[in-house]
K.L.:
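Following this message is one structure expressed as structure tokens.
Chain A is the first sequence line, chain B the second, and so forth, proteins listed ahead of strands; every chain is numbered from 1. Worth knowing before you read on, the calculation uses all heavy atoms, side chains too, and leaves out hydrogens, waters and symmetry mates.
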Amino acid sequence: MLLTDFGWQDHFVGVMKGVIAGIAPGAQVVDLCHEVAPQEIDQARFLLRVSRPYFPKGSIFVCVVDPGVGSARRALCVEAGGHVLLGPDNGLFTDVLSEKGAKARAITEARYALGQVSQTFHGRDVFAPAAAHLAAGVRPSQLGRLIRDPVRLLPLDPVRTGRRFWAGRVMHIDRFGNLITNLPSQEFLPPAVRGIEAAVGFERVRRTCRFYAEAPEGELFLIGGSCGTVEISVNRGSAAKRLGVGIGAPVEVEIW
Amino acid sequence: MLLTDFGWQDHFVGVMKGVIAGIAPGAQVVDLCHEVAPQEIDQARFLLRVSRPYFPKGSIFVCVVDPGVGSARRALCVEAGGHVLLGPDNGLFTDVLSEKGAKARAITEARYALGQVSQTFHGRDVFAPAAAHLAAGVRPSQLGRLIRDPVRLLPLDPVRTGRRFWAGRVMHIDRFGNLITNLPSQEFLPPAVRGIEAAVGFERVRRTCRFYAEAPEGELFLIGGSCGTVEISVNRGSAAKRLGVGIGAPVEVEIW
Amino acid sequence: MLLTDFGWQDHFVGVMKGVIAGIAPGAQVVDLCHEVAPQEIDQARFLLRVSRPYFPKGSIFVCVVDPGVGSARRALCVEAGGHVLLGPDNGLFTDVLSEKGAKARAITEARYALGQVSQTFHGRDVFAPAAAHLAAGVRPSQLGRLIRDPVRLLPLDPVRTGRRFWAGRVMHIDRFGNLITNLPSQEFLPPAVRGIEAAVGFERVRRTCRFYAEAPEGELFLIGGSCGTVEISVNRGSAAKRLGVGIGAPVEVEIW
């Protein structure tokens, strides 16, 4: 499974697949998403969190959002929940590492990387070959030693700012312009609450709907989205355009 | 085979593939197109019509352009021409259903969906798992009962508006800016006709070419495209930009 | 392996995969890149050159950047370096053909194409089926006869314009806005040279870095990129936007 900020427009992802095909012929490669905003580690963490439960045990995840490529940052191999995840040690796996039984290793064995490792493309030179070797039967323990101090970032969860007030964030914007927040639907939408008001951009939104077609055309509303969190949407329109906000934008919430 | 309006920028398609890999390991998944304009059912119908003949018997098609997701609209499983097609009951399969021997079922068996079905993403929760179960050997008849009243929309064909006049439409705009219409080349281009004039946007086009390189640079022309229909093109330029028209735009045609 | 200028927004690539699945079920298809700028043959040559070494022996490459489709241009099958490459005879394979032992054939055997060959989409009608037949065991010699005069274009290498001066070009612009040139890092960056100045757009760049994170934010710099050539970059910014240049833009270089 590949999750990167490489985009679809370049040859980068294709070359990674060429490397994998050379080491582990027949290994199935699934593109999770390559359109993480360049170097947005928190967005990648969020997509990983909401997508991983849908992948079978034994899946290998290659996650490359890597502004520090070529510097001294380590390469990680994390085992958690029946999955193996490979990627840079920059906090991308903060949430995975907090799972019970999670183990992190620094990838140090040069024999599982390409012969020549560039300063700018470890997806091709380090992570794709390591994943392919794992798919071909190498064990994580062969990649390198356990470490105790992988980089950890702040939690992705919303922060309480008052008795009824919370500070959330836009974690992802989908093709339809829906703003996907980090506010769990089960805590912030009816029936868990009687009401909710979200302030985002220059607007306040109070209306909640259960599905898109229920909403009046052109009006903003809140909905429990497919990621398990509150989404800010416009039926047959783009909430992102309407509100003029981007990934990371604050969402101030009052519930009662 | 996957045909959706989910785009490539999100994790939606990747998650569907994760679900499929968990249920039917090794099943081959082909992306037909994920850039159907949001909620443009007719565009999806057109792409399905021109693409299906190129897929082998036994292919399973998952088609999700689904503005009514979460409402009471049914989930369909259609068998036709050696293919099985899964998608919402919103008219997407109008053309498939008119084929000889086509059968439609409402997907009702909860055991072939994910344990928890969201209100907003049946591609992941209903259609991908049903397709994977079919790939793994489940028969369409196990998904649910035959129905007689699937939703049908108007035909995609051009409409005759006078003795020599027809009203067509732009069904798809490709990456090169070619406007792909619903006018069959075999009826609207020489040698079937002596001449044709198409009015689209604020321009009238009379020139016809057999292949792109034959056309003078920068001039509009009509050509029999790879979908079997008339395309409006500019050699080494974008007809869509030149004419300022979008999907669904009317193409008024006179033939003689 | 597929390399085209078809983009991801259309059904073209998906239909090619449908054709392949029908002829060679189970054949693994890797998308190298579909976002070659429309009809930019030199960009496709460059991507092919830097990507091919990462694909295993036995790989079959389908390369379709084909402004002359439908005209009298031939269809080629080239064998070189353990790979087989299929595509139009328009110079796309100039560099492959200069490799030792390279052989070119004109694809003429109609039985390895689809029954009906369109004037506008040989990717689907000629190259995808030929590739699938090769994957299914057909030998290149069965596709057609050896030819001695495939189309060859000028080399992609930089041109010397003075004792210390060279004329290079931007060959590709990646998602991050990095300008990837045709100047080999091993000849144009320290330690091979003491210094370098590159003139591109209206700016001159002298700073060189070994990896992205080393550069001060917002400043232009030169770096040895993952393609083995000099890239012009801005740390956490887009050099392409900053300089306002596109693919093919000249890069005048002085080294000392």
K.L.:
Looking at CD of A/E79 and CZ of A/R139, how far apart are the two atoms once the value is rounded to the nearest 0.5 Å?
P.N.:
11.0 Å
K.L.:
Check whether more than 12 heavy atoms from other residues, nucleotides or ligands sit under 6.0 Å from atom CD of C/Q186, and answer yes or no.
P.N.:
no
K.L.:
Measuring heavy-atom distances to chain A, does C/R236 have an atom under 4.5 Å in its side chain, in its backbone, in both, or in neither?
P.N.:
both
K.L.:
Given the options A/Q116, A/Q119, A/M16, which has more heavy-atom pairs under 4.5 Å with chain C than any of the others?
P.N.:
A/Q119
K.L.:
In Å, rounded to the nearest 0.5 Å, how long is the span from CZ of A/R152 to CG of A/L97?
P.N.:
5.0 Å
K.L.:
Can you tell which part of C/V36 gets under 4.5 Å to a heavy atom of chain A, answering side chain, backbone, both or neither?
P.N.:
neither
K.L.:
I need the residue from A/V69, A/V13, A/T120, A/V29 with the largest number of non-hydrogen atom pairs under 4.5 Å to chain C.
P.N.:
A/T120
K.L.:
Heavy-atom cut-off 4.5 Å, strictly under: side chain, backbone, both or neither for A/A72 against chain C?
P.N.:
neither
K.L.:
Return yes if a side-chain donor-acceptor contact under 3.5 Å exists between C/N182 and C/T229, otherwise no.
P.N.:
no
K.L.:
Where does C/I173 contact chain A at under 4.5 Å (heavy atoms): side chain, backbone, both or neither?
P.N.:
backbone
K.L.:
In terms of heavy-atom proximity below 4.5 Å to chain A, should C/F176 be classed as side chain, backbone, both, or neither?
P.N.:
side chain
K.L.:
Salt bridge check: are A/D66 and A/R73 linked by an N-O gap of less than 4.0 Å?
P.N.:
yes
K.L.:
Below 4.0 angstrom, N of the basic side chain to O of the carboxylate: do A/D95 and A/R45 qualify?
P.N.:
yes
K.L.:
Would you mind telling me which of A/P25, A/G68, A/G26, A/A128 has the largest number of heavy-atom pairs within less than 4.5 Å of chain C?
P.N.:
A/G26
K.L.:
Taking atom CZ of C/R210 as the centre, does the number of heavy atoms from other residues, nucleotides or ligands within less than 6.0 Å exceed 12?
P.N.:
no
K.L.:
Could you tell me which portion of A/H34 (side chain, backbone, both or neither) has an atom closer than 4.5 angstrom to a non-hydrogen atom of chain C?
P.N.:
backbone
K.L.:
So for C/Q28, is it side chain, backbone, both, or neither that comes closer than 4.5 Å to the heavy atoms of chain A?
P.N.:
side chain
K.L.:
Chain C heavy atoms under 4.5 Å from A/L114: which part of the residue, side chain, backbone, both or neither?
P.N.:
side chain
K.L.:
In terms of ring plane angle, is the pair C/F12 and C/F6 parallel, tilted or perpendicular, where the classes change at 30° and 60°?
P.N.:
perpendicular
